[in-house]
Structures are given as structure tokens and as C-alpha cells.
Amino acid sequence: MASKAPQDDPAQDAPTIGEPERSAVGAPAVYHALKISNAQMGAVRTVRALARVNQKKGFDCPGCAWPDGGHRHLAEFCENGAKAVAEEATVRRVGPEFFAAHPVAELAERSDYWLGQQGRLTHPMLLDDGATHYRPVSWDDAFALVGGELKRCATPDEAVFYTSGRTSNEAAFLYQLFARRLGTNNLPDCSNMCHESSGSALTETIGIGKGSVLLEDLPKADLIIVAGQNPGTNHPRMLATLEAAKKNGARIIAVNPLPEAGLERFKNPQTVHGMAGGGTRLSDLFLQVRLGGDLALFRELNRRLLADEQQLDRAFIEEHTHGFEEFADAARKTAPEELAAAHGLPEAQLDAAYREVVRAENVIVCWAMGLTQHRDSVPTIREVVNFLLLRGNIGRPGAGVCPVRGHSNVQGDRTMGIYEKPKDAFLDALGAEFGFEPPRRPGHDTVESIRAMRDGRVRVFFAMGGNFVSATPDTAVTEEAMRRCRLTVHVSTKLNRSHVVTGQRALILPTLGRTDRDRQASGRQFVTVEDSMGMVHSSRGNLPPAGDLLLSEIAIIARLAVAALGAEDAVPWAEMAADYDRIRDRIARVVPGFEDFNARVKRPDGFALPHAPRDSRSFPTASGKANFTPNELVVKRVPEGRLLLQTLRSHDQYNTTIYGLDDRYRGIRQGRRVVLVHPEDAAALGVADGEHVDVVSEWPLPDGTVQERRAENFRVVGYPTARGCAAAYFPETNVLVPLDSTAETSNTPTSKSIVVRLVQRQA
Ligand SMILES: Nc1nc2c(c(=O)[nH]1)N[C@H]1C(S)=C(S)[C@@H](COP(=O)(O)OP(=O)(O)OC[C@H]3O[C@@H](n4cnc5c(=O)[nH]c(N)nc54)[C@H](O)[C@@H]3O)O[C@H]1N2
Ligand SMILES: Nc1nc2c(c(=O)[nH]1)N[C@H]1C(S)=C(S)[C@@H](COP(=O)(O)OP(=O)(O)OC[C@H]3O[C@@H](n4cnc5c(=O)[nH]c(N)nc54)[C@H](O)[C@@H]3O)O[C@H]1N2
Ligand SMILES: [Mo]
């Protein structure tokens, strides 16, 4: 299967390579952000928009899910948050003239970068059966069309309803209600490709799939381990928190195959010292682990702790945990040599890491995609929990699990019921509130949805945000799956690839973003979001909407529901859409922790959702205690002449949204088709820095044959990554990830461990 990657940006093929940087943020970062913002918004709008990011009366930053802590002051924005705002608040527009000028076949040849640069969507657009161009359509006709197609489905399970993680709590609640009112739990979301492994592992071990620390815990920690995360690019505001923790005496260990600049040193743009001086050194120890080696690393630490009885918190283990003996047996039995084959770390570094662990009273482990997107991600995160439980590091100040979420409301969407496997208690409450019997059959997650579309079992694909075609694995298979649908519908702010790889008919429904003012029948509205630490607060857009025709996500769902279910439906859709307080009244009665929602969310800093392990060291698991788990270690064997490839983000992108072509901290400019390889691996493979290669992934099939996938024309960059491990950007490399290559239990695509070989291109 050859990838036909859009090659319309000549710059994409001409990367220039310099030295990677040794620190993150500081003056150049602010300058870079303002440059992008001014180009997109103009100076006046830039100041107006950025002045309201994360302010008490402003909007929640559409960047990441890191909390903002309440002490927000005017100049506090981060570079990548500013880019996210500029991308949405741009003054460029994509209207009917644009679609008249560009046939869909031409747009399909464009890159996500080009498509995103065109501006905000302004009109509902329809691509009719056999048509070459999108044409404008009225909202009423659009809703009638979707309603009609949904009625044509033989069962409600022939439709899927995808969500990306920017959707507000109120819109998410209404959206899942609509899907379930129709009769399906087919609610895949971006979380299936993101922190699903964290949710699976944490639910099983501590009884709740969310992190157990609050922002105020980080400065109280003695040791913070940051594993599989690149906060300098993806959660820049976290660096200020780490800096504060450091000032309070915390030690930091970075666990990563790449030496990421943001984890080395931080120059805080908000302080004189940060702007002018050398900044703060962050990591005290850098463990350059192999891809997928974290289970082995934490197992090694656990083995050492178990051999050192005085290091264990016996009182906590006795009172609060279950399964200790079985876990301890398994851990004691694993041979250090076997572990070393997986993590690849020298003995001296393991000794240093162990010393940091035992001298710390309170330990927090933070992680992101480096831990969640491997085949053994769930056992890996369970092993992290074992590590914390051994010393009682859950449920006390300054300690705990800290999965760092991606999209700004991805955690809230799940809390609101965007989940293909809802709990009975949630469905019971939802059904009782609205007087109907919700479906109980589990629905499709993201990977299952693709299979179902591919096999003709799903005929209508509906997306609330996101860019399904570019975010999912196995691009060729996913594109074919989309094409097999009768109707594909996208509620979107910006043009992307999912709009141009379509079903028989396709709709683009333009919507308000975070920054846009939202006015409904009862007046000006606000929405709410939940950050990575379970804090709920309001978000209020302040810019004039990108066009007169835009509807809010909530209005779109409500009007669609009336078209599909009839005006007599038992759910008062129109009333809820007219005044979002009425949606919050319902959420308050259905979702635990949201009692008195409307009153509490008006507090300036919002409120914290309950978290039993954090609040009271009680663990709502099957055993009623925190569960130790005996995890099997499977060392990933990479055949001779092959590398393990991770697919990751550059500094100038937000998932599939490409802001620019630089990855400044890694020293790469004006190009994205690069593959980072250790110089000695490159030499051993007979390829040279600067040479162009095809990256070919190899996936063994049950019948003994090997399936190949190819991503063409990548420049080899010699880079100090861990030996045997390569790195390249997604979405260009999604073609390489086989649909069936997913994590155990969580079914997350293995975007961070793909076996590849590099094939030289003929000059
Ligand atoms: N500016 C910006 N911000 C973002 C995003 C964005 O695209 N741009 N995306 C948002 C989203 S949805 C998410 S989920 C987060 C993603 O945030 P991250 O998880 O930081 O994103 P990635 O770029 O995938 O980086 C993965 C990191 O893990 C390391 N890693 C890879 N494999 C392993 C491994 O096996 N072990 C260890 N220990 N480390 C490993 C990589 O070298 C890299 O440093 O960021 C969010 N914030
Ligand atoms: N190979 C590989 N694949 C990956 C990953 C990886 O590391 N490697 N990471 C995975 C991860 S962690 C994630 S979260 C997914 C991301 O998957 P998605 O969430 O599906 O993708 P995004 O690129 O974030 O979606 C961008 C689009 O969302 C729309 N949008 C933006 N804001 C709004 C809004 O307010 N409302 C609406 N309705 N639309 C809006 C815009 O049209 C924009 O084009 O990708 C996954 N895919
Ligand atoms: Mo994500």
C-alpha cells in the first residue's frame, strides 16, 4: 500500500537541520507566537484575543488541558496557546466562493497545512452525490438531510458519532444524549487514540480513570518523574509549574528516548531572570529509555524497593491495597538482564534513579503519549501505579498519578458520557432524567468504527470536531472506510482533510469556536470545561463570530435532534439550546459531582470534581482497595536491520493542524518529512544524514506473511535518540500504523512503536 502524501508544499521537502536547543521558551518563543498571531489576526485582534486567554471572564485556552491555577495575570500566555488562539481567531475566511473555485478532487491533493491556512469556515456546505464541488446549503436542508439518512439506517448502530476533545461539557452532554436517544452507544472519541490506556489502567487499579493530583500538589512533591511527555511543546504552561516545584526543592527525572529541550532547562518569559538569564535547570536526571521500555524501568525500581523492606509503606499496603503478594512474586522473579534488554539503561543510571526515589518522601509521576501508545501501555501504567503504591504515594499531598491530557476538554467530554462503553449507573441516571431507555449494547471505539465503516456495517459518520481521516491510523484503510459511508458530516471550525475524503454525500457544518461570542434566545452564553486535574470552570468567547451563519455546537445538536427525532420528542432540545443553564441543570442531576452546577461554576475559579483516592484514600475498585497487579513483561523484539519508530508532534503543530514547518527546539526548520535516527544506527543501516529514504513498516500477519506500508521521501536526520529508536511526525506517518496494531485492553493505536526499515531512494 503506497501512501500518496500531498506534496504541494515544496518547503516540506527542503528541511534544514541545525543543533537541537537546550532550553525551552524565553524571548524567541514569545516573538514567534506574536509573529504567527499577527499574520492570522492583525495586531488589534491579537491583543484583544490574547488578553482574554484563561482570564476569569475570558475563554479557556483551546491549547492543552494543563490547569491554569487561578493566579492568571494578563501577560500569562504560552507560545503554543497563542498559536492555538491565532489559528481559531484568524481573519481569513473559507466561504462559498472558495468552494466554487476548488473542486474537492483538487483539495484532496492539498496537505493539512495548506487546508488549515485557508481560514475559518463560514457557510454550511453540501457535497452532493456525484458532485465535483461543495455548494452552500441552508441549515434546515442540512438537518433534514442528516435526519433522513439517520432514519434510513436499518438500526441506530449504523451511525457513529465521533468527538474531538475541544467540545464543551454542555455540547458533549447534549451530543451523547442525542446518540443514545437515537439508540446507539457508537461514541468513539479522540481519547481512544490518546489517554485511553491511562483510563483503563487507572480504573482497574485505583477505581477512577483520572489523575489524582491537583496543581497545588506539584510544588509539594520531592520528586516528579516526567515520562513519555514533551511539555516544552505540548504543555508549555507545565514548565512554569515544574519551575516552581524546583524552587521548592523538588527533584525531576525525565524519562524519554529523546533529550527534549523543554525538560532540560526553562527560561520563563514572565520573569526578568527567564528573559535575560540562563533560566532554570529542570531535570536532575535524564533516563534515555528505549521506546516501550518504561514497564521494564518501573519494574526495575519496584524490584529494588521490594528488596529493601524499610523503603515500603507497610501500613498503607496493609490498609489500602490488594494483591501485593502476587505482584511482589512476579516482580521478584523478573531478571534484571531481561529488564535491561527492554529499557536499555546503564546500571549507574538505574542506581542514580533509585537514589532519587528513596530520598523522596512524596513522588508524582506525570506522563502522556510516550506511555499510552504502545501495545503494552496498560500494563506499563499499571506498573507505574505499583511503583507509587509501594511507598503510599497516592492520596496524600504532593504525591500521586498525573496523566497529562491533551485536548483542552477531552477529560470533560468523557465525564459527560462521551464513551462507547458507558457504565450502567450513568445510563440509569440519564434514562431516568429524560424518561427513556438508553441502549445498553457497547458501541464502537475509534478503531472499531473504522472497521465497521470499512465492512459496510456503519453508513453514517458524524464528527463533532476533529480530523478523523488524518488523526487515525492506517490512512489508506481509513480513507476507504470513509468513502464507503452514505453520508459523512463534520461540525468544524477549520477546513481539514476529513472534509475532502468523503462518503457518497458530505456536509460541512461551520461552528463557533472557544474564542467566539455565543448569543442565544436567552442572551449571552458561556460553556464549561474540565482540565486535566478535574477542575471545572467556565469559558466565554469575546470575539465577534467568524460569520453570521455560524451556529454553536449546542444549537447544531439541538436542531438536528428535532429533525431526526421529531418536534414532539420527550427531550426539550430547543429549551436547552436557548439557555445553557438549562443543560447544566440536567447535568447536575445526571453526573455525580455536578450537584448545584449552575451556582458553583459561577465561582471565579470553578470547582474540583470529587476523586475518592485523592480525597479520602478510598478506592472504588472491585476489591474495594487499590490493586497491585502482576504485569507480564514482553520484550519487543525488533528484527535485524529494523528500527522502532515513534510518531510524534513537532513544535509547530496541534495534532493534525500544522501551524508552520519548524520544529525549533529540535533544530529542524522548513520541513516535516524527516526521520530522526541515531547516527550509529544510521551508519549500521548504511544510510547517511541528509539522505532521502522511504520508511517502510512491517506488520506480521497470522498466516506468516509480512504486510508492508510505505511513507515516501523522508530526509534522514542524525539525532541523539535512544539506540534502535527512530522518530518522525504524524500525521504524515499514520500510513505506517496498521489498523490492527493496538494496545491491549485500551485498543489505542500503537503510534509510538512501529517496526520499520529505511529504504534508500534512487537518486
Ligand atoms: N502545541 C501542541 N500542544 C499539544 C498538542 C499538539 O499537537 N501541539 N497535542 C495535544 C494532545 S491531543 C496531546 S495527547 C498532548 C500530547 O503530548 P505529548 O505526549 O508530549 O506528545 P508527543 O509529541 O506525542 O510526545 C511524546 C513524547 O514521549 C516520548 N516518548 C515516545 N515514546 C516513548 C516511550 O516509549 N517511553 C518514554 N518514556 N517516552 C516516550 C517522545 O520522545 C516525546 O517526548 O499534547 C496536547 N498539546
Ligand atoms: N500517528 C499518530 N497519530 C495520532 C497521535 C500520535 O501521537 N501519532 N495522537 C493521537 C491523539 S493523542 C489525538 S488526541 C488525536 C487527535 O485527533 P482529533 O482531535 O480528531 O484531531 P485534531 O487535529 O485535534 O482536530 C483538528 C480539527 O478540529 C476542528 N476544531 C477545532 N476546534 C474546534 C471546535 O471548537 N469545535 C469544532 N466542532 N471543531 C473544532 C478543526 O476543524 C480542526 O481542523 O490524534 C491521534 N493520532
Ligand atoms: Mo491527545
Side-chain angles (χ1 to χ4, degrees), residues 62-66 78-81 83-84 87-88 112 115-116 121 162-168 171 189-195 226-236 254-258 260 262-263 287-294 297 367-374 377 380 404-408 410 446 463-473 490-499 509-516 553 556 644 646-657 659 721-722 725 727 729-734 736-737 748-749 751-754:
C64 70
W66 190 256
C78 79
E79 177 195 3
N80 278 346
K83 287 193 240 169
E87 180 74 18
E88 181 176 301
D112 270 306
L115 293 171
L121 295 157
Y162 175 72
T163 314
S164 167
R166 276 197 195 168
T167 294
S168 67
D189 69 344
C190 67
S191 198
N192 298 142
M193 299 177 270
C194 184
H195 266 293
V226 182
Q229 193 198 346
N230 178 22
T233 285
N234 298 312
H235 306 91
V255 185
N256 205 305
L258 298 177
E260 303 282 31
L263 288 166
L287 300 178
Q288 190 163 36
V289 73
R290 291 220 174 109
L291 286 172
D294 304 84
L297 167 63
W367 71 88
M369 296 305 98
L371 257 58
T372 64
Q373 298 176 331
H374 300 278
S377 284
T380 299
V404 183
R405 307 273 161 183
H407 268 302
S408 50
V410 61
T446 292
M464 187 56 69
N467 183 0
F468 194 80
V469 165
S470 290
T472 51
H490 286 88
V491 179
S492 309
T493 51
K494 302 287 295 277
L495 191 63
N496 66 45
R497 221 172 144 64
S498 301
H499 303 130
L509 306 180
T511 193
L512 300 177
R514 284 278 167 82
T515 53
D516 297 313
E553 293 182 347
I556 291 173
L644 210 49
Q646 63 156 320
T647 61
L648 79 180
R649 293 151 174 81
S650 86
H651 192 64
D652 271 0
Q653 78 183 82
Y654 194 95
N655 299 337
T656 71
T657 298
Y659 303 132
T721 172
C725 304
Y729 306 129
F730 92 101
E732 288 83 349
T733 45
N734 284 12
L736 298 171
V737 189
T748 296
S751 307
K752 298 280 190 280
S753 44
I754 311 158

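Numbering of ligands and ligand atoms starts at 1, following listing order.
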**Fill in**
heavy-atom search around atom 43 (C) of ligand 1 in the protein gives Glu260 OE2, 3.4 Å
**Asked** Among protein heavy atoms, which sits nearest to atom 23 (O) of ligand 1, and what does the distance come to when rounded to 0.1 Å?
**Response** Arg649 N, 3.0 Å
**Message:** Which option wins on minimum heavy-atom distance to atom 40 (C) of ligand 2: Thr446, Thr493, Thr733?
**Reply:** Thr493
**Fill in**
Under 4.0 Å from one or more heavy atoms of Met369, ligand 2 contributes atoms 12 (S)
**Item:** Pick from Gln646, Arg166, Arg290, Met193: the one approaching atom 41 (C) of ligand 1 most closely through a non-hydrogen atom
**Value:** Gln646
**Prompt:** Among all protein non-hydrogen atoms, which one is nearest to atom 42 (O) of ligand 1, and what is the separation to 0.1 Å?
**Reply:** Asn256 OD1, 2.6 Å
**Request:** Number the atoms of ligand 1 from 1 as they appear, then name those within less than 4.0 Å of a heavy atom of Leu291, with their elements.
**Result:** 31 (C), 32 (N), 33 (C), 35 (O)
**Prompt:** Quick one: which ligand 1 atoms are inside 4.0 Å of a heavy atom on Pro257?
**Reply:** 30 (N), 33 (C), 37 (C), 39 (N), 40 (C), 42 (O)
**Complete:** Note: heavy atom closest to atom 12 (S) of ligand 1, options Asn655, Val255, Thr647, belongs to Asn655
**Message:** Return the closest protein heavy atom for atom 30 (N) of ligand 1 as residue, atom name and distance.
**Reply:** Gly370 CA, 3.5 Å
**Request:** May I ask you to identify, for Asn80, whether its side chain, its backbone, both or neither come under 4.0 Å of ligand 1 on a heavy-atom basis?
**Result:** side chain
**Prompt:** Between Thr380 and His374, is any side-chain donor less than 3.5 angstrom from a side-chain acceptor?
**Reply:** no
**Prompt:** For atom 20 (O) of ligand 1, what's the nearest protein heavy atom and its distance?
**Reply:** Asn230 N, 2.8 Å
**Item:** Contact (N/O only, under 3.5 Å) between Val491 and ligand 2
**Value:** yes
**Message:** Is Gly292 close enough to touch ligand 1? Criterion: a residue heavy atom under 4.0 Å from a ligand atom.
**Reply:** yes
**Asked** Taking distance alone, with no angle check, do Asn234 and ligand 1 share an N/O pair under 3.5 Å?
**Response** yes
**Message:** Arg290: which residues meet the side-chain contact (heavy atoms from CB on, under 4.5 Å) condition with it, sequence neighbours left out?
**Reply:** Cys725
**Fill in**
Closest to atom 39 (N) of ligand 1 among protein heavy atoms sits Gly228 CA, 3.1 Å
**Request:** Salt-bridge test for Glu87 and Lys494: reply yes if a basic N is under 4.0 Å from a carboxylate O, no otherwise.
**Result:** yes
**Message:** Can you name the atoms of ligand 1, numbered from 1 with element, that are less than 4.0 Å from a heavy atom of His235?
**Reply:** 15 (C), 17 (O), 45 (O), 46 (C)
**Asked** Tell me, which protein residue and heavy-atom name are nearest atom 38 (N) of ligand 1, and how many Å apart are they?
**Response** Asp294 OD2, 2.8 Å
**Asked** Which one of Cys194, Ala727, Gly262, Ser408 has a non-hydrogen atom at the shortest distance from atom 14 (S) of ligand 1?
**Response** Cys194
**Request:** Heavy-atom contacts with Ser492 under 4.0 Å: which atoms of ligand 2 show up? List them by number with element.
**Result:** 39 (N), 42 (O)
**Asked** Can a donor-acceptor pair be found between the side chains of Thr493 and Arg166 at a distance below 3.5 Å?
**Response** no
**Request:** Return yes if a side-chain donor-acceptor contact under 3.5 Å exists between Thr372 and His195, otherwise no.
**Result:** no
**Request:** Report the part of His374 in contact with ligand 1, treating N, CA, C, O as backbone and CB onward as side chain, heavy atoms under 4.0 Å; options are side chain, backbone, both, neither.
**Result:** side chain
**Prompt:** Of the choices Ala471, Pro749, Pro510, which has the non-hydrogen atom that lies closest to atom 47 (N) of ligand 2?
**Reply:** Ala471
**Fill in**
the protein heavy atom lying closest to atom 8 (N) of ligand 1 turns out to be Gln653 O, 2.7 Å
**Request:** For His407, take its heavy atoms, then give the atoms of ligand 1 lying under 4.0 Å from any of them.
**Result:** 12 (S)
**Item:** For Val289, the ligand 1 atoms whose distance to one of its heavy atoms is below 4.0 Å
**Value:** 36 (N), 37 (C), 38 (N)
**Partners meeting side-chain hydrogen bond (donor to acceptor under 3.5 Å, both in side chains) with Ser168 (sequence neighbours left out)** = none
**Fill in**
If we number the atoms of ligand 2 from 1 as shown, the ones under 4.0 Å from a heavy atom of Thr511 are 36 (N), 37 (C), 38 (N)
